[in-house]
Amino acid sequence: MTKVLLTGGAGFIGSHTCLALLEEGLSVGVLDDFSNGSPEALRRVAELAGLGALRQESPGRWSTGDSGPADLTLLRGDVRCPGDLDRAFADGIGAVLHFAGLKAVGESVAQPLRYWDVNVTGSLRLLEAMGRHGCRTLVFSSSATLYGSTDRVPIPETAPLQPINPYGYTKAAVERMLADVAASSPGWRIARLRYFNPVGAHPSGRLGEDPSGSPNNLFPYLCQVAAGRRPRLDVFGGDWPTPDGTGVRDYLHVMDLAEGHRRALAVLEAEPPQLLTLNLGSGSGHSVLDLVRAFETTNGLAVPFSVVGRRPGDSAVSIADPQEAERRMGWRTRRSLADICRDGWAWQSANPGGFGEGESSLDG
Ligand code: WQD
C-alpha cells in the first residue's frame with residue numbers, strides 16, 4: 001500500500017480513522033477544507049500516533065515528514081476542486097477513504113442544494129480524479145439514513161433504499177454512482193459503509209466531535225449541554241411509536257467505526273475487485289432518553305432537557321442488522337453505551353470550547 005488519502009480527514013470520523021491507520025503503520029494524506037474539521041485535530045492525531053509535529057511545508061500543506069513507515073500529510077483543499085484533488089494525488093495514492101461531506105438531517109432539509117453540491121458533486125470530482133491518477137480502491141462514508149422510515153428492524157443491507165430527507169437522497173445518489181463505476185470497469189475495489197449513529201470520542205480526551213456552530217446531532221449537543229455551553233437539550237418528539245415515545249437509534253462508538261474502516265480497507269486490498277456494501281452499527285437500539293440517562297449515570301451529572309415537537313425528516317427507529325460486516329470482515333462493535341458516554345464526556349470536559357480556531361495551532 002503506497003499511501004491512503006482521507007478526504008475530510010480532519011473531521012470527527014476522519015480524524016479517528018486517520019489515527020487507526022497511522023497506528024497500523026500506514027502513510028496517510030488528508031485533504032480537508034476545515035469547514036467541519038480542525039487542523040488541530042490532526043496535530044493531535046500526529047501526537048497520539050507518536051509521529052511528532054505537523055510542520056508547514058508550504059501554504060496549505062503540512063507534514064510530519066517521512067520519519068518512519070507511518071507519516072501524515074495535510075492539504076487544505078476542497079474535493080469539488082480538481083486542482084486540489086490533483087495536488088492530493090501527487091503523493092502517489094493507493095486507496096481513498098471518502099469522508100468529506102455534510103451529514104445533518106435537519107440542515108439538509110433547510111439547505112438541499114448545498115448538500116447536493118458537497119456530497120454528490122464532491123464525490124463525482126473525486127471519482128474523476130481517481131480515474132486520472134489510476135487509483136481504484138475506495139471506501140465510501142455512506143449512511144443508514146438512506147433506509148428512511150422502514151418497518152424492518154433491525155435493518156439489513158438488502159432493505160429498500162427509501163430516503164426521506166435530502167441528506168439521505170445524496171447518499172443514495174453517490175451509492176448509485178459507485179455501483180455504476182464498479183460496473184463500468186473491472187478494476188474497482190469499492191466499499192460502501194452505511195454508518196448508523198457514530199458517537200463518542202477517543203478515550204484520551206484529545207480527540208472528539210467538534211461540529212461547527214450549533215450541533216445538529218444529538219450526542220454532541222448533549223455533551224455541550226452537560227458542559228454548560230447550551231442551557232438545555234430539546235428532545236425532538238415524545239410521541240414516536242417507541243417504548244418511551246422518543247426516537248430510537250443505533251449508536252456506535254467512533255473508535256469501533258474507525259476499526260471498521262481499517263478492516264474494510266484490508267478486505268478490499270486482499271480480495272478481488274468488488275462492490276462491498278455493509279451496515280456499521282451495534283445491532284442495538286437506544287432512545288434519546290436512554291442516552292440522556294446513560295450519560296447522566298456514567299458521568300454523575302444532570303442534563304436538563306425538554307420534550308418539544310418532532311424534527312422534519314426524522315424517523316422513529318433506526319437499528320442495524322450488522323451480521324454482514326461480521327461475516328465479511330470479522331467486525332462488530334465492542335464498546336458499550338457507557339464507554340460512549342464516558343469517552344464523549346472525557347473529550348467535552350477537557351475541551352469545553354472544542355479544538356479552538358483555525359490553522360494557528362499548526363507549526364509554521
Ligand atoms: C438522533 C436522535 C433525533 C438532536 C444522522 C444521520 C446519520 C448519522 C448521524 C452520519 C433522533 C434526536 C437529535 C437533538 C434530539 N450521520 N435528537 N435532539 O438524525 O439519527 O442520524 O446523523 O454518520 O446517518 O442520518 O442523528 O443525532 O441528529 O438524531 O432529540 O438536538 O436524536 O430526533 O431521534 P440521526 P441525530
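In this chain, residues are counted from 1 in sequence order.
With hydrogens and angles left out, the side-chain atoms of Arg192 and Thr277 include a donor and acceptor closer than 3.5 Å. Between Glu175 and Ser142, the side chains place a donor N or O and an acceptor N or O closer than 3.5 Å (distance only, hydrogens not considered). For the residue pair Arg232/Ser306, the side-chain donor-acceptor check at 3.5 Å is satisfied. Side-chain contact annotation: Lys3 with Thr73, donor-acceptor N/O pair under 3.5 Å present.
Counting heavy atoms from C-beta outward, Leu21 and Leu97 have side chains that approach closer than 4.5 Å. The side-chain heavy atoms of Leu74 and Leu72, taken from C-beta on, include no pair separated by under 4.5 Å. Considering only heavy atoms from C-beta on, Leu127 comes within 4.5 Å of Leu178 through its side chain. Side-chain atoms of Phe89 and Leu126, non-hydrogen and from C-beta on, do get closer than 4.5 Å to each other. The closest side-chain heavy-atom distance from Val254 to Phe219 is not below 4.5 Å. Side-chain atoms of Ser315 and Thr150, non-hydrogen and from C-beta on, never get closer than 4.5 Å to each other. Between His253 and Asp343, some side-chain heavy-atom pair lies under the 4.5 Å cut-off. In this structure, Asp290 and Asp244 have side chains that are in contact, with non-hydrogen atoms separated by less than 4.5 Å.
Heavy atoms only, all atoms of each residue included: Cys18 and Val30 are closest at SG-CG2, 4.3 Å.
Neither Val118 nor Leu124 shares a network with the other; the hydrophobic side chains, linked directly or stepwise wherever heavy atoms of I, L, V, M, F, W or Y lie under 4.5 Å apart, form separate groups for each. Tyr221 and Phe355 fall into different hydrophobic clusters, where Ile, Leu, Val, Met, Phe, Trp and Tyr are joined by side-chain heavy atoms under 4.5 Å apart, directly or via other members. One hydrophobic cluster, built from ILVMFWY side chains closer than 4.5 Å, holds both Phe295 and Leu291. By the criterion of side-chain heavy atoms lying less than 4.5 angstrom apart, applied directly or through intervening Ile, Leu, Val, Met, Phe, Trp or Tyr residues, Leu31 is grouped together with Val174 in one hydrophobic cluster. There is no path of hydrophobic side-chain contacts, each under 4.5 Å, that joins Tyr169 to Leu146.
Asn299 contributes no side-chain N or O that, together with a main-chain N or O of Leu301, makes up a donor-acceptor pair within less than 3.5 Å. Listed for the Trp347 side chain is no donor-acceptor partner under 3.5 Å among the backbone atoms of Gly200. Of the possible donor and acceptor atoms, none in the side chain of Arg194 sits under 3.5 Å from a partner among the backbone N and O of Gly281. Looking at Arg189, its side chain does come within 3.5 Å of a backbone N or O of Glu271 through a donor-acceptor pair. In this structure a side-chain-to-backbone donor-acceptor pair under 3.5 Å is missing from Asp71 to Thr64. A donor-acceptor pair is defined here as one N or O able to donate and one able to accept, closer than 3.5 Å; no such pair exists between the side chain of Arg342 and the backbone of Pro203. Without hydrogens or angle criteria, Thr7 side chain to Ala100 main chain gives a donor-acceptor distance under 3.5 Å. Panel note: side chain Ser15, backbone Phe12; a donor-acceptor pair is recorded below 3.5 Å. Counting only distance, with no hydrogens or angles, the side chain of Arg263 and the backbone of Gly330 share a donor-acceptor pair below 3.5 Å. Side-chain atoms of Trp331 come within 3.5 Å of backbone N or O of Asp256 as a donor-acceptor pair.
Comment: Glu157 does not engage Arg327 in a salt bridge, judged by the lack of any side-chain N to carboxylate O separation of less than 4.0 angstrom. Using a cutoff of 4.0 Å between basic side-chain nitrogens and carboxylate oxygens, Glu296 and Arg293 are not scored as salt-bridged.
Considering Asp84, Leu85, Val79 in turn, Asp84 is the only one that fulfils the side-chain contact (heavy atoms from CB on, under 4.5 Å) rule with Cys81.
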Subject >> Audit row: Arg262, Met329, side chain to side chain contact (heavy atoms under 4.5 Å, CB included) steps and yes/no >> reply: CA-CA 10 Å; Arg262 193 189 66 75; Met329 53 186 199; over 6 Å; no
Subject >> From CA spacing to verdict: side-chain hydrogen bond (donor to acceptor under 3.5 Å, both in side chains), Arg44, Asn351 >> reply: CA-CA 13 Å; Arg44 296 186 188 189; Asn351 305 271; 2.9 Å; yes
**OP:** Check the pair Phe196, Asn279 against side chain to side chain contact (heavy atoms under 4.5 Å, CB included), reporting the backbone distance first and the verdict last.
**Re:** CA-CA 7 Å; Phe196 279 69; Asn279 288 337; 3.7 Å; yes
Subject >> Residues Ile13, Ser141; criterion side chain to side chain contact (heavy atoms under 4.5 Å, CB included); working and verdict >> reply: CA-CA 9 Å; Ile13 300 162; Ser141 170; 5.5 Å; no
Subject >> Residues Met177, Val120; criterion side chain to side chain contact (heavy atoms under 4.5 Å, CB included); working and verdict >> reply: CA-CA 9 Å; Met177 195 189 297; Val120 178; 3.8 Å; yes
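Aromatic ring orientation, His202 versus His16: tilted (interplanar angle from 30° to 60°). Ring geometry, Tyr115 versus Tyr167: the interplanar angle exceeds 60°, so the pair is classed perpendicular (tilted spans 30 to 60°).
When ring centroids are compared, Tyr195 and His261 come within the 6.0 Å threshold.
Shown here is Gln323, whose CD atom has no more than 12 heavy atoms of other residues, nucleotides or ligands within 6.0 Å.
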